[in-house]
Protein chains: 2
Amino acid sequence: MTTTSMKDVARAADVSVGTVSNVLNRPDAVAEETRRRVQAAIARLGYVRNDSARQLRAGRSRNVAIVVLDVANPFFTDVVRGAEPLVDTAGGVVTVCDSGEDVGREAKQLEILEEQRVLGLLITPVDNSSAERLARLAAHEIPVILVDRGAGLHPHCSVAVDDVHGGRMAARHLLELGHESIAFAGGPTSIPQVDDRLTGCREVCEGAGAGLEVLTSVSLNVTGGREAVEQMLALPRPPTAVFCANDLIALGALQGLTMRGIKVPEECAIIGYDDIDFAAAAAVPLSSVRQPRAQLGRTAAQLLFDEISEGPGHTHRNVVFQPELVARASTAVNL
Amino acid sequence: MTTTSMKDVARAADVSVGTVSNVLNRPDAVAEETRRRVQAAIARLGYVRNDSARQLRAGRSRNVAIVVLDVANPFFTDVVRGAEPLVDTAGGVVTVCDSGEDVGREAKQLEILEEQRVLGLLITPVDNSSAERLARLAAHEIPVILVDRGAGLHPHCSVAVDDVHGGRMAARHLLELGHESIAFAGGPTSIPQVDDRLTGCREVCEGAGAGLEVLTSVSLNVTGGREAVEQMLALPRPPTAVFCANDLIALGALQGLTMRGIKVPEECAIIGYDDIDFAAAAAVPLSSVRQPRAQLGRTAAQLLFDEISEGPGHTHRNVVFQPELVARASTAVNL
DNA sequence: CGGCGCCATTGAATCGTTTCACGTGGGGTC
DNA sequence: GACCCCACGTGAAACGATTCAATGGCGCCG
């Protein structure tokens with residue numbers, strides 16, 4: 001008894017396979033009595049639909065994939081959370097893939113997802129290297145929605161936050177508090193979000209004649225934040241404030257500074273990005289640039305289903321949200 | 001041009017489909033020149049394998065599903081992280097599903113995973129209601145590994161942490177600090193982990209004649225922690241310490257107490273469970289009962305592949321890890 | 001020169017569904 | 001009583017890949 005198929009059910013209920021299929025997919029088209037007989041057989045045999053066969057016929061699966069840079073980053077899980085309800089409602093299934101900021105992993109996952117003929121794809125690409133493959137997916141009628149990523153030249157829908165502006169807000173906030181030199185922690189700049197945030201920051205610093213130290217050999221997690229602190233303190237004239245490309249880095253930076261006995265915000269201010277829930281709960285509550293995380297996910301899913309239902313006549317939409325500055329204790333001191 | 005299939009490739013390269021298949025699956029069995037011709041055709045047409053068809057034939061997919069209670073809980077993402085490398089190496093694909101502690105969602109997801117004929121399943125079940133379905137999966141030769149969940153009566157492999165003992169450790173720690181009455185926050189007790197942790201805690205409290213207030217209408221997240229504080233403070237004689245069933249609740253409790261102006265740990269101590277990374281970084285660094293998160297995931301994946309390779313002769317293994325008490329500032333005061 | 005074996009390739013069967021063009025029989029209408 | 005329509009069911013043809021027995025060609029040995 002490897003697997004029981006519709007044929008077995010049909011035999012057991014003394015009907016044709018076509019009828020079994022109808023019981024499953026259009027119960028109304030089947031007479032009451034027959035339907036019951038088939039359902040009984042299904043239950044008795046413990047029959048379970050074979051989705052591969054179904055998909056093969058349909059040419060498409062019901063899976064919506066979400067490819068994120070880091071599942072362990074609450075920012076992304078919040079995005080996923082935002083998307084789930086919509087996908088559920090539409091009868092889809094969410095598949096979360098973690099590229100781990102690794103171009104190779106990402107490529108492999110995209111390849112597999114393409115082979116699986118997923119219904120659609122929400123993705124925060126690691127960098128631009130996947131553009132070609134994504135275009136191909138789209139050409140094969142697999143809608144691709146870019147998440148947290150400006151439209152740029154790409155032939156896809158997207159939801160994003162104005163990260164350049166977010167960078168400006170953070171920098172401006174720090175300068176207004178009297179800091180004259182700040183550090184930017186987060187890399188590599190091949191990641192568009194990082195680059196945008198840095199761009200906004202740089203713009204403001206240069207405009208104000210403030211110093212800017214850029215630390216880009218820093219991975220986007222807590223460990224990266226601790227390393228950033230080491231690098232910063234090794235500088236000839238360490239800045240008095242750090243702008244971290246995300247909140248995980250900021251938390252790491254906070255830990256690093258605290259371990260070195262440096263007071264936050266008195267001796268060094270910190271501002272993060274994303275405003276994950278843990279930012280507010282940190283040892284020193286973190287100032288941050290808030291992104292509407294769940295809304296990003298929700299909107300992305302919405303765009304996906306819009307694109308699917310609109311079909312070929314669809315024109316891509318690029319939704320941009322504005323970030324919001326949230327000032328907390330980690331930047332609470334005027335110099 | 002909906003999709004290009006092997007047939008198209010075969011025609012373009014002027015060979016039979018069988019040969020195309022061979023080029024893809026056993027390149028050595030094909031003559032050099034033919035192989036190149038086929039590969040060229042594949043590249044030119046942009047052919048992508050159809051995994052549904054492949055699976056249909058194979059009777060099985062390459063997907064390893066991980067069903068967790070809450071993707072937004074870092075505990076689970078760390079478990080996923082632990083499992084990923086092994087699955088990758090084995091040529092599998094990780095699919096993360098979020099049951100959201102909802103029995104209905106879980107059931108639906110299991111149904112879908114069964115239809116998809118997943119390669120195997122790592123799951124932290126919401127409660128016992130899924131036992132029957134899980135048994136059926138196992139009977140259909142889909143290995144099921146229970147994660148963070150004692151073996152019990154279940155016919156599956158499992159990895160778990162001794163939660164009863166963890167509960168004891170937490171309670172003992174609090175009593176040793178002089179607390180005479182403690183609150184337990186986390187529910188519902190239909191979730192086995194919660195129940196075990198409470199059991200250990202109760203055992204110690206009763207043994208020592210200490211008071212125990214059980215707050216089980218508390219969901220396992222930050223919001224739940226804030227609510228728990230409200231409930232606790234409404235008691236006639238509020239305890240002087242809270243043991244939270246996980247760290248998210250503990251973080252919420254910390255927020256709740258702080259908002260009420262109650263000092264942690266001086267006026268109320270807190271201890272959590274899991275020791276997620278954010279626990280150490282909290283406003284008041286949280287004491288916690290550490291679980292070997294990544295190792296749970298890694299071991300679970302290992303058990304899965306062992307079971308697959310051992311085949312029918314396999315006997316289930318139940319691996320139990322011991323938790324570890326991590327004392328930090330949130331319980332740093334002797335009464 | 002005939003026969004043997006090997007290698008590369010072919011073609012057809014198969015996996016389990018869905019779908020659709022066709023029966024078939026019964027009931028209602030005129 | 002002729003006719004049509006409906007409601008139910010049927011059976012076979014896809015879907016796209018894998019697999020395996022069969023085939024054909026070729027070189028080599030005797």
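Everything numeric here is computed off the predicted structure, so don't read it as measured data.
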Calculate the interatomic distance between A:Leu56 atom CG and D:dA14 atom C1'; express it in whole Å. 9 Å
I'd like the 5' and 3' limits of the part of DNA chain C contacted by chain A, with heavy-atom contacts below 4.0 Å. C:dG16 to C:dT19
Set of residues satisfying side chain to side chain donor-acceptor pair (under 3.5 Å) with respect to A:Asp306, sequence neighbours excluded: A:Gln302, A:Arg317
Solution key, residues 83-91 of chain A side-chain donor-acceptor pairs under 3.5 Å, sequence neighbours excluded:
unit_1: A:Asp88; atom_1: OD2; unit_2: B:Arg105; atom_2: NH1; d: 2.3
unit_1: A:Thr89; atom_1: OG1; unit_2: A:Pro85; atom_2: O; d: 2.8

Quick one, give me the B/S/- string for nucleotides 17-27 of chain D, reading 5' to 3', where B means a protein heavy atom under 4.0 Å from the base and S means that only happens at the primed atoms, P, OP1 or OP2. BBB--------
Salt bridge check: are A:Glu32 and A:Arg36 linked by an N-O gap of less than 4.0 Å? yes
Whether A:Arg62 and B:Glu115 form a salt bridge (side-chain N of Lys/Arg under 4.0 Å from carboxylate O of Asp/Glu) is what I want to check. yes
Sidechain N-carboxylate O distance under 4.0 Å for A:Glu114, B:Arg49: no
Between B:Asp148 and B:Gln193, a side-chain donor and acceptor under 3.5 Å: yes
Got a second to check how far B:Thr4's OG1 is from B:Ile42's CD1, nearest 0.5 Å? 9.0 Å
Charged N to carboxylate O below 4.0 Å: is that the case for B:Asp78 and B:Arg81? no
N/O donor-acceptor pairs under 3.5 Å from side chains in residues 7-14 of chain A, not counting sequence neighbours:
unit_1: A:Asp8; atom_1: OD2; unit_2: A:Ser5; atom_2: N; d: 2.7

Compute the angle between the rotation axes at the two ends of the helix from C:dC1-D:dG30 to C:dC30-D:dG1, each taken over five pairs, rounded to 10 degrees. 50°
Are B:Ser99 and B:Glu106 close enough that a side-chain donor and a side-chain acceptor fall under 3.5 Å? no
